[in-house]
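Read through the structure below, which is laid out as structure tokens, and then see the notes.
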Amino acid sequence: MKLLILGAPGAGKGTQAVRICERYAIPHISTGDMFRENISKGTPLGKLAKSYIDAGKLVPDEVTLGMVKDRLSRPDCENGFLLDGFPRTLAQADGLKELTALDCVLNVDVDEASLLSRITRRRVCPKCAGTYHVSTLAGDTCPACGEKLAQRADDTEETVKARLDVYNAQTKPLIAYYGEQVKTVDGNLPPEKVFEAIQAVLEAL
Ligand code: AP5
């Protein structure tokens, strides 16, 4: 299955992507995670991406497209994949169309008022990449591996507002671009209920 998951920053794309990829045994291709990995390794790509990400702006299309093209050419993508955070602009969507067709576009819809709280109160594990909301945590360590949890550098209130503006201006138009391929699920529900709705969509394909 070749899937794309759309949604505003904090909609729960990453949370659902982990479940979907485990259930359907496909690789999770998150451009945000790929950039963060490059930033933590100090690569030239990471140095370039950091200035855009920290300001809540998009990394230039040609850089992002090149990175995804390379990733999709690897053997583990032959039987499908889940794209998370890409495409994010119409130009990226056109670039993807040249590379491959999609079987389904999932859209996780969340009220904008909830997004700010979800992101500014998100904590991530630098070791196992677990993602949590502070309301579900008893302390400041990862429930899965015990590592001290951290906050993403772009999860400040100011940057989140910039990211939401960018989403509304540049990424939301992709819902119309993909038209009837888009299946929208209610992302305001608890994560397990959102996943049930996604599974129902995917089983019906
Ligand atoms: P990226 O990492 O893709 O960030 P994003 O799209 O802003 O999305 P997030 O990771 O913030 O949120 P999410 O929807 O995955 O939510 P999550 O599951 O974590 O991109 C970061 C940056 O990289 C961009 O700003 C840009 O600069 C750059 N970039 C990336 N791709 C690019 C591209 N294609 N082109 C150009 N630049 C690019 O959940 C959020 C929180 O809510 C968590 O705390 C979670 O525990 C909680 N939560 C999740 N689901 C629920 C639920 N159902 N109910 C209650 N809480 C929930």
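Only this structure's heavy atoms are used, side chains among them; waters, hydrogens and symmetry mates stay out. Whatever order the structure lists ligands and atoms in, that order sets their numbers, starting from 1.
- Partners of N107 under the side-chain hydrogen bond (donor to acceptor under 3.5 Å, both in side chains) rule, at least two apart in sequence or in another chain, are T184.
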In residues 94-103, what donor-acceptor pairs under 3.5 Å come from side-chain atoms, sequence neighbours left out?
residue, atom, partner, partner atom, Å
D94, OD1, Y177, OH, 2.8
T100, OG1, K2, NZ, 3.1
D103, OD2, K2, N, 2.7

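- At a cut-off of 3.5 Å, with distance as the only test, a side-chain donor of T43 or N38 sits close to an acceptor on the other residue.
- Every protein residue with a heavy atom nearer than 4.0 Å to ligand 1 is included here: A8, P9, G10, A11, G12, K13, G14, T15, T31, G32, F35, R36, I53, K57, L58, V59, T64, G85, F86, R88, Q92, R118, R122, T131, Y132, H133, R152, D154, R163, G187, L189, P190, P191, V194.
- The pair D154-K57 does not count as a salt bridge, with every side-chain nitrogen at least 4.0 angstrom from each carboxylate oxygen.
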Worked check of salt bridge (charged side-chain N to carboxylate O under 4.0 Å, His left out) between D76 and R74 | CA-CA 6 Å; D76 65 334; R74 293 200 211 151; over 6 Å; no
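- By the side chain to side chain contact (heavy atoms under 4.5 Å, CB included) test, E158 pairs with T156, sequence neighbours left out.
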